Protein chains: 2
Amino acid sequence: MVTIYDIAEKAKVSAMTVSRVINESGRISEKTRQRVKKVMEEMHYIPNHMARSLVLQQTNLLYLLITDITNPFYTTVARGAEDAARKSGFRLLFGNSDENLSKEADYIDTILASRADGVLVAPAGDASLPHLSLLRQHKVPFVLLDREVPGIDCDVVLGDSNEGGRALVDYLVSLGHQNIAFVNGSSTVSSARHRLQGYLEGLKQNGLPFRESYCMEASFGMINDLTDMEAWLSSIDPFPSAIIAGNNVLALETIRLLRGRGLSIPSDVSVCCFDDFGPFSEIDPFMTVIAQQAYEFGYQGAQLLLERIKNRDFSEPWSKIVLPTELKPGRSVAERVHES
Amino acid sequence: MVTIYDIAEKAKVSAMTVSRVINESGRISEKTRQRVKKVMEEMHYIPNHMARSLVLQQTNLLYLLITDITNPFYTTVARGAEDAARKSGFRLLFGNSDENLSKEADYIDTILASRADGVLVAPAGDASLPHLSLLRQHKVPFVLLDREVPGIDCDVVLGDSNEGGRALVDYLVSLGHQNIAFVNGSSTVSSARHRLQGYLEGLKQNGLPFRESYCMEASFGMINDLTDMEAWLSSIDPFPSAIIAGNNVLALETIRLLRGRGLSIPSDVSVCCFDDFGPFSEIDPFMTVIAQQAYEFGYQGAQLLLERIKNRDFSEPWSKIVLPTELKPGRSVAERVHES
DNA sequence: GTGAAAGCGCTAACAG
DNA sequence: CTGTTAGCGCTTTCAC
């Protein structure tokens with residue numbers, strides 16, 4: 001491996017001079033600068049980030065932890081975060097927790113051990129608290145995306161899930177639906193709680209009764225065992241004319257189950273959900289969704305983080321950005337002429 | 001920051017002993033091991049990867065470079081690669097080149113500078129050659145995914161694009177189509193070349209003539225300026241009854257343009273493409289596609305890479321894995337009763 | 001079983 | 001403008 005000492009020797013200067021040329025720091029005569037640069041090229045020198053970070057105590061490295069890399073919501077978040085990071089000369093690395101606390105813990109370890117300058121985290125849920133406390137304890141600045149975690153104060157970028165829930169109910173009611181069920185993610189995830197609350201408020205605003213049996217708690221992640229959801233669908237009575245899913249994955253699974261029961265969407269049941277299906281579903285937007293500004297989650301989250309890193313300010317007051325949502329009608333919801 | 005020296009001092013041993021406890025190397029009495037472990041916990045010690053990698057000259061770090069993080073094909077590749085890497089105790093970091101050579105070059109620099117143990121690359125195209133040569137020059141093992149690059153010999157995992165192209169033409173012909181156009185990615189990308197060849201062979205097999213004007217060369221990436229494609233669509237004569245797109249992004253753009261011209265898919269024109277649209281489009285598979293085993297691209301690619309790293313064998317013979325494709329019919333292709 | 005010394009590649013601080 | 005010294009946190013080598 002070529003080091004600055006190899007360069008120094010060949011260019012007949014000291015290692016320090018080489019370092020100065022690389023970092024464009026300090027005053028150096030144009031002549032030696034050119035000579036050093038030439039030797040660096042000749043020897044195909046590549047600086048060693050680790051050695052540099054070790055002495056500088058900073059890595060210029062940001063991490064983004066998401067819970068599902070195949071989910072178009074998160075990949076769009078990733079792109080936003082990456083754009084913001086690049087603009088500030090930071091590198092961004094991704095980790096994928098799969099809604100799994102132990103994978104998340106692994107990534108937090110990796111992040112801690114690699115001394116990242118900051119982290120953007122979409123936490124798996126409230127139980128992510130110990131991981132975040134660990135980051136705080138080790139003074140690694142972080143920003144939460146999409147989900148907040150009770151017990152930890154920090155910058156956070158959220159979607160207006162509450163408003164989204166109300167909008168979805170309003171929309172369904174305006175089309176004649178009155179029996180509206182809700183399959184949600186785990187109540188250990190803040191966005192699930194807010195979405196449920198929006199749903200409840202929507203019902204109330206429209207003078208609709210809340211039925212316990214109309215609500216089901218599942219998981220936001222890709223789970224394989226759908227027995228519980230299947231059982232729930234069998235048990236709902238009267239069967240709803242519309243179902244709201246807590247996110248895009250749940251919508252997918254719900255639709256599969258409904259079709260498995262021989263039901264058609266939307267002629268038998270209408271289905272809609274939170275989160276859109278990404279650019280690759282735009283040609284034929286089947287699902288009625290509450291779209292979120294995914295790119296902005298990443299971009300603005302990264303900006304908050306970079307701001308703190310630059311100012312070396314890791315304390316209150318914390319920012320809380322709440323991004324608006326937008327209802328995008330698709331073909332998965334139909335008008336209900338008369339309620340059964 | 002807590003270092004092994006802090007631990008050593010408090011546990012009344014030398015730093016070396018602490019190091020041995022951490023790495024479970026060398027013989028250590030159970031008593032001191034326990035004491036050291038206890039102190040490490042008390043002091044919330046986190047090992048410093050950089051310092052360790054600096055002396056060990058290995059990072060346990062793999063990179064995956066993809067060309068479009070929002071493309072479901074690549075995110076599924078990523079998941080496969082991650083699973084394989086984790087199984088072997090390697091960390092996997094992602095980079096996103098956006099089909100952009102200069103972003104790709106930046107990532108290669110970063111990878112080189114951070115001394116990754118290996119890289120999985122979906123290259124932007126043939127012009128990625130210098131980047132790959134750089135990796136080779138610095139003895140960083142790498143495996144190419146999805147695309148090969150003339151001029152560089154290495155392990156590679158490809159899809160059977162040729163076969164896919166023939167299958168697509170066969171399928172269209174079986175439905176009565178004879179005027180089949182092809183919007184392809186850049187001919188500087190190997191998969192585009194193979195797909196074109198499959199298309200040509202498909203035509204030949206079915207006794208269909210090749211018309212120069214039926215082929216268009218665009219880009220696989222999300223490009224904003226669709227003027228060329230628009231012009232091409234205006235110029236084709238006779239207008240095709242079916243269009244094959246070189247990948248999912250091109251299919252998306254083609255459909256937008258066709259609809260912009262007031263045409264309906266599939267009643268006016270049938271459209272199909274290479275690459276599927278990911279799990280989030282499965283509920284309602286609009287597009288007829290040549291699906292690829294995306295997960296296997298990542299998984300098997302990572303395995304090839306890990307194999308080489310473990311054996312410290314970075315020379316010939318190189319492996320070339322060609323994964324089969326599968327035609328998945330959707331609603332975007334219709335039967336053609338009589339050809340105009 | 002345990003420790004001391006040296007060095008991985010780099011840069012901050014100080015000299016000159 | 002340029003060089004010397006010391007040290008970032010860790011592990012290898014060789015003693016004891």
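The sequence lines fix the lettering, A, B, ..., with proteins before strands; numbering per chain opens at 1. The model shown is predicted, which means the values in this text are computed figures rather than measured ones.
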Salt-bridge test for A:E99 and A:R147: reply yes if a basic N is under 4.0 Å from a carboxylate O, no otherwise.
->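 Counted as a salt bridge, because a side-chain N and a carboxylate O are separated by less than 4.0 Å.
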Under a 4.0 Å N-O cut-off, is there an ion pair linking B:D155 with B:R308?
->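 Here B:D155 pairs with B:R308 in a salt bridge, since their nearest N and O are under 4.0 Å apart.
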With sugar-phosphate meaning primed atoms plus P, OP1 and OP2, does A:S53 contact a base, only sugar-phosphate, or nothing at under 4.0 Å between heavy atoms?
->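 No contact.
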Examine the base of C:dG1 for any acceptor or donor lying under 3.5 Å from a partner atom in the side chain of B:R33, and report the outcome as yes or no.
->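 In this structure, the two groups form no donor-acceptor pair.
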Within residues 21-30 of chain A, residues whose heavy atoms come under 4.0 Å of DNA chain D |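 Those residues are A:R27, A:I28, A:S29.
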Between A:S19 and C:dT11, does any side-chain N or O lie under 4.0 Å from OP1 or OP2?
->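 Looking at the OP1 and OP2 atoms of C:dT11, one of them is under 4.0 Å from a side-chain N or O of A:S19.
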side-chain N/O B:T32 vs C:dT2 OP1/OP2, d < 4.0 Å =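 Yes.
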Every protein N/O lying under 3.5 Å from an N/O of nucleotides 6-9 of chain C:
from: C:dC8; atom 1: O3'; to: B:Q57; atom 2: NE2; distance (Å): 3.4
from: C:dG9; atom 1: OP1; to: B:Q57; atom 2: NE2; distance (Å): 3.3
from: C:dG9; atom 1: N2; to: A:A51; atom 2: O; distance (Å): 3.2

Taking the side chain as C-beta and beyond, is there a heavy-atom pair between A:L135 and A:I108 under 4.5 Å?
->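 Answer yes - side chains close enough.
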Could you tell me whether the side chain of A:V13 reaches within less than 4.5 Å of the side chain of A:V36, counting heavy atoms only?
->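 Yes. Closest side-chain heavy atoms under 4.5 Å.
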Between A:D6 and A:Y45, a side-chain donor and acceptor under 3.5 Å |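 Judged by distance alone, the side chains do not pair up.
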Quick one: salt bridge (charged side-chain N to carboxylate O under 4.0 Å, His left out) pairs with a partner in residues 38-50 of chain A, sequence neighbours left out?
->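 Applying salt bridge (charged side-chain N to carboxylate O under 4.0 Å, His left out) to every pair that reaches into residues 38-50 of chain A, excluding sequence neighbours, yields A:K10-A:E42, A:K38-A:E42.
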Quick one: which residue pairs count as a salt bridge (charged side-chain N to carboxylate O under 4.0 Å, His left out) with a foot in residues 294-305 of chain A, not counting sequence neighbours?
->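 Not a single pair qualifies under salt bridge (charged side-chain N to carboxylate O under 4.0 Å, His left out).
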Quick one: [X] [atom1] to [N] [atom2], roughly how many Å, whole number?
X     : N      : atom1 : atom2 : answer
B:R35 : C:dT2  : CZ    : C1'   : 11 Å
B:H49 : D:dC10 : NE2   : P     : 11 Å
A:I7  : C:dT11 : CD1   : C1'   : 16 Å
B:M16 : D:dT13 : CE    : C1'   : 10 Å
A:Q34 : D:dC1  : CD    : P     : 14 Å
A:Q58 : C:dT11 : CD    : P     : 12 Å

Bend angle of the helix from C:dG1-D:dC16 to C:dG16-D:dC1, from helix axes over five pairs at each end, nearest 10° =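 Here the helix ends are tilted 40° relative to one another.
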Any side-chain hydrogen bond (donor to acceptor under 3.5 Å, both in side chains) involving residues 115-125 of chain A? Give me the pairs, sequence neighbours left out, ordered by first then second residue.
->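 Listed by first then second residue: A:T59-A:D117.
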Examine distances only and state if a side-chain atom of A:Q293 and a backbone atom of A:L323 form a donor-acceptor pair shorter than 3.5 Å.
->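 Judged by distance alone, no pair lies under 3.5 Å.
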Is the distance between the ring centroids of B:F73 and B:F297 less than 6.0 Å?
->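 Yes, ring centres under 6.0 Å apart.
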Calculate, to the nearest 0.5 Å, the distance between atoms CG and OG belonging to B:L61 and A:S114 respectively.
->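 Here the rounded value is 8.0 Å.
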